[in-house]
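What follows is one structure encoded as structure tokens, with my remarks underneath.
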Amino acid sequence: MAFRRRNKSYPFFSQEFLIQNHADIVFSLVIFILIGLMFETTAKTAILFIQPQYNISTMSADGEVTLYHYGWKDCATVLFYLCITIILHAVVQEYVLDKINRRLHLSKSKNTKFNESGQLCVFYLVSSVWSLYVIATEGFLLHPSSLWENYPHVHLRFQVKFFYLTQLAYWFHALPELYFQKVRKEEVPRQLQYISLYLLHILVAYLLNLTRVGLVLLFLQYLSEMGFHLSRLFYFIDENHHKMFEMWSVGFVLTRMITLTLMFLAVGFGLARSENQMLDLETGNFNTLSIRLLVLFMVCFTQSWLLWKFFRFQLSRTRELRLEQAARKRAAAKQQRTLKRDSVGHHENGLIKAENGTSPRLKKIKAP
């Protein structure tokens, strides 16, 4: 199974060979794990990578229900789906984005940004639809108070735990992709920033049993980011598309406000009114004043930083547009003065004048 066209062959175990064939190597590893399910001696080990662990069965009004909690074995599951994500990344790049790039004929810098936005747009679209489905089926839309009631939310349904595992797998996969995609050194710090922020917030929500609040916040964030990258894709296709950026700007600010309001409502007031506010690692209760303040500070700092970067970019963009408009006005005025001077210099009172403004002498006609 080859994901890339081989324009040149490289020696084995070289850096170029690894970059060119990384998807095929990972695909072979996935097949090796799946083959392990066929044998009894290796099935128990292989199942650790494929199926979420730490399941328990409880009785409810609907009958027997299987719930999950987290543990160190989740690392194996995240590793397996990290490999799956690398394969899907290569498939989207090869069969969708590369074909579009050949038609657009973008520059190298725009091509890199187009690929980044294309990959993230696909991920944000799938994740936002998936998270909305989970929020609706779990009943968080009709009962917002369930986001903080009955904390700690140690036991998760399969779809909630699997969602968090795949989110961790995707953002961990983004780290080696910086190497596989040969991202420029100037772009690495920026991409490391948002990858680290996503990993930090998802891990905090997952490990502190704040999965319900984290699920809603991820849906809002992914919806906002999808609007940005979708606007950038349309801009690369046609540079006259600017209205989508204006619509995204309004949605970006609203998302920040809703996120901060929801965090203060759920963590600042909801969990603060809970009766059990003692740290208990066995039951998974992290509802203490210091942890709540730490979580609120982390989210507020991130949202404030995003708003600061957004407004700074908008101000710099407005300043550049004003300077560009002023330069265009000066150029137009200069051109108009030049045309007027030329018009006055060559035609005045019906007589043709020289370039220095003086009338040419008429040549005397000698008498015969």
Side-chain angles (χ1 to χ4, degrees), residues 67 69-70 124 127-157 159-161 163-164 167-168 171 194 197-228 247-281 283-311:
L67 301 176
H69 58 94
Y70 65 81
Y124 289 139
S127 297
S128 58
V129 172
W130 188 5
S131 58
L132 179 61
Y133 171 78
V134 175
I135 292 171
T137 54
E138 292 292 323
F140 300 153
L141 288 177
L142 300 178
H143 304 284
S145 60
S146 60
L147 297 177
W148 59 84
E149 288 180 350
N150 301 322
Y151 180 85
H153 308 137
V154 179
H155 298 118
L156 309 175
R157 294 182 182 271
Q159 59 181 357
V160 178
K161 177 166 183 173
F163 175 82
Y164 272 93
Q167 296 302 305
L168 292 173
W171 291 112
Y194 73 78
L197 285 174
Y198 273 114
L199 285 174
L200 176 63
H201 286 73
I202 294 173
L203 281 172
V204 167
Y206 187 62
L207 298 178
L208 298 184
N209 296 317
L210 296 171
T211 51
R212 298 182 181 181
V213 180
L215 193 64
V216 178
L217 296 185
L218 280 176
F219 166 72
L220 295 173
Q221 177 65 21
Y222 286 164
L223 200 62
S224 174
E225 289 297 305
M226 184 181 65
F228 169 74
M247 295 173 59
W248 166 78
S249 300
V250 177
F252 180 86
V253 177
L254 288 177
T255 302
R256 306 283 80 79
M257 298 298 102
I258 295 174
T259 299
L260 291 173
T261 303
L262 182 62
M263 278 302 299
F264 277 102
L265 180 63
V267 179
F269 295 98
L271 294 181
R273 298 173 60 184
S274 178
E275 297 179 357
N276 189 6
Q277 298 190 16
M278 297 293 293
L279 180 63
D280 191 351
L281 299 179
T283 60
N285 186 15
F286 298 93
N287 186 16
T288 62
L289 178 61
S290 58
I291 294 178
R292 289 200 306 271
L293 291 177
L294 183 62
V295 171
L296 283 174
F297 173 78
M298 181 187 69
V299 175
C300 292
F301 176 80
T302 303
Q303 301 302 313
S304 302
W305 178 70
L306 291 174
L307 282 172
W308 175 72
K309 286 189 63 179
F310 172 79
F311 286 122

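The minimum heavy-atom distance between Ser128 and Met226, with the atom names listed, is OG-SD, 4.3 Å. Across all their heavy atoms, Pro152 and Gly284 have their closest contact at CB-O, 3.2 Å. Residues Ser146 and Gly139 come closest through the heavy atom pair OG-O, 4.2 Å. Closest approach of Leu279 to Thr288, counting heavy atoms only: N-CG2, 3.6 Å. Across Gln167 and Ser127, no two heavy atoms sit closer than the pair NE2-OG, 3.3 Å.
To the nearest 0.5 Å, atoms CG (Leu156) and CD (Glu138) are separated by 9.0 Å. Note that CG of Leu215 is 9.5 Å distant from CG of Leu132, once rounded to the nearest 0.5 Å. In this structure, CE in Met247 is found 15.5 Å from CZ in Phe228, a value given to the nearest 0.5 Å. We find the CG-CZ distance between Leu281 and Phe286 to be 5.5 Å, quoted to the nearest 0.5 Å. Of the inter-residue distances, the one linking Leu296 atom CG with Ile291 atom CD1 reads 12.0 Å to the nearest 0.5 angstrom. For the atom pair Thr211 OG1 and Ile202 CD1, the distance stands at 12.5 Å (nearest 0.5 Å).
A donor-acceptor pair shorter than 3.5 Å can be found between the side chains of Tyr198 and Gln221.
For OH of Tyr194, the number of neighbouring non-hydrogen atoms (other residues, nucleotides, ligands) closer than 6.0 Å is greater than 12.
The side-chain heavy atoms of Leu200 and Thr302, taken from C-beta on, include no pair separated by under 4.5 Å. Put simply, the side chain of Leu207 reaches to within 4.5 Å of the side chain of Tyr70, judged on heavy atoms. For the pair Trp305 and Leu197, the minimum side-chain heavy-atom distance is below 4.5 Å.
Of the possible donor and acceptor atoms, none in the side chain of Ser224 sits under 3.5 Å from a partner among the backbone N and O of Leu220. For Arg212 (side chain) and Phe140 (main-chain N/O), no donor-acceptor pair under 3.5 Å exists by modelled atom type. A donor-acceptor contact shorter than 3.5 Å is absent between the side chain of Asn209 and the backbone of Tyr151. Remark: the backbone N or O of Leu289 is not paired with any side-chain donor or acceptor of Gln277 at under 3.5 angstrom.
Relative orientation of the Tyr124 and Tyr222 rings is tilted, given thresholds of 30° and 60° on the angle between their planes. The aromatic rings of Tyr206 and Tyr164 sit parallel, their planes meeting at an angle under 30°, below the 60° perpendicular limit.
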Practice item. Apply side-chain contact (heavy atoms from CB on, under 4.5 Å) to the pair Val134 and Val160, showing each step before the final yes or no. Key: CA-CA 7 Å; Val134 175; Val160 178; 3.8 Å; yes
Practice item. Go through the steps for His201 and Leu217 under the test side-chain contact (heavy atoms from CB on, under 4.5 Å), then give the verdict. Key: CA-CA 10 Å; His201 286 73; Leu217 296 185; over 6 Å; no
Review point. Passes side-chain contact (heavy atoms from CB on, under 4.5 Å), Leu223 versus Thr255? Steps please.
Key: CA-CA 9 Å; Leu223 200 62; Thr255 302; over 6 Å; no
Check your understanding: Could you walk me through whether Asn287 and Ser274 pass the side-chain contact (heavy atoms from CB on, under 4.5 Å) check?
Key -> CA-CA 8 Å; Asn287 186 16; Ser274 178; 3.4 Å; yes
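The side chain to side chain contact (heavy atoms under 4.5 Å, CB included) check on Leu203 picks up Leu168, with sequence neighbours excluded. With sequence neighbours left out, the side chain to side chain contact (heavy atoms under 4.5 Å, CB included) criterion links Phe310 to Trp248, Ser249, Phe252, Val253, Gln314.
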In a table with atom names and distances, give each donor-acceptor pair under 3.5 Å that connects a side chain of residues 260-271 to protein atoms at least two apart or in another chain.
residue	atom	partner	partner atom	Å
Thr261	OG1	Met257	O	2.8

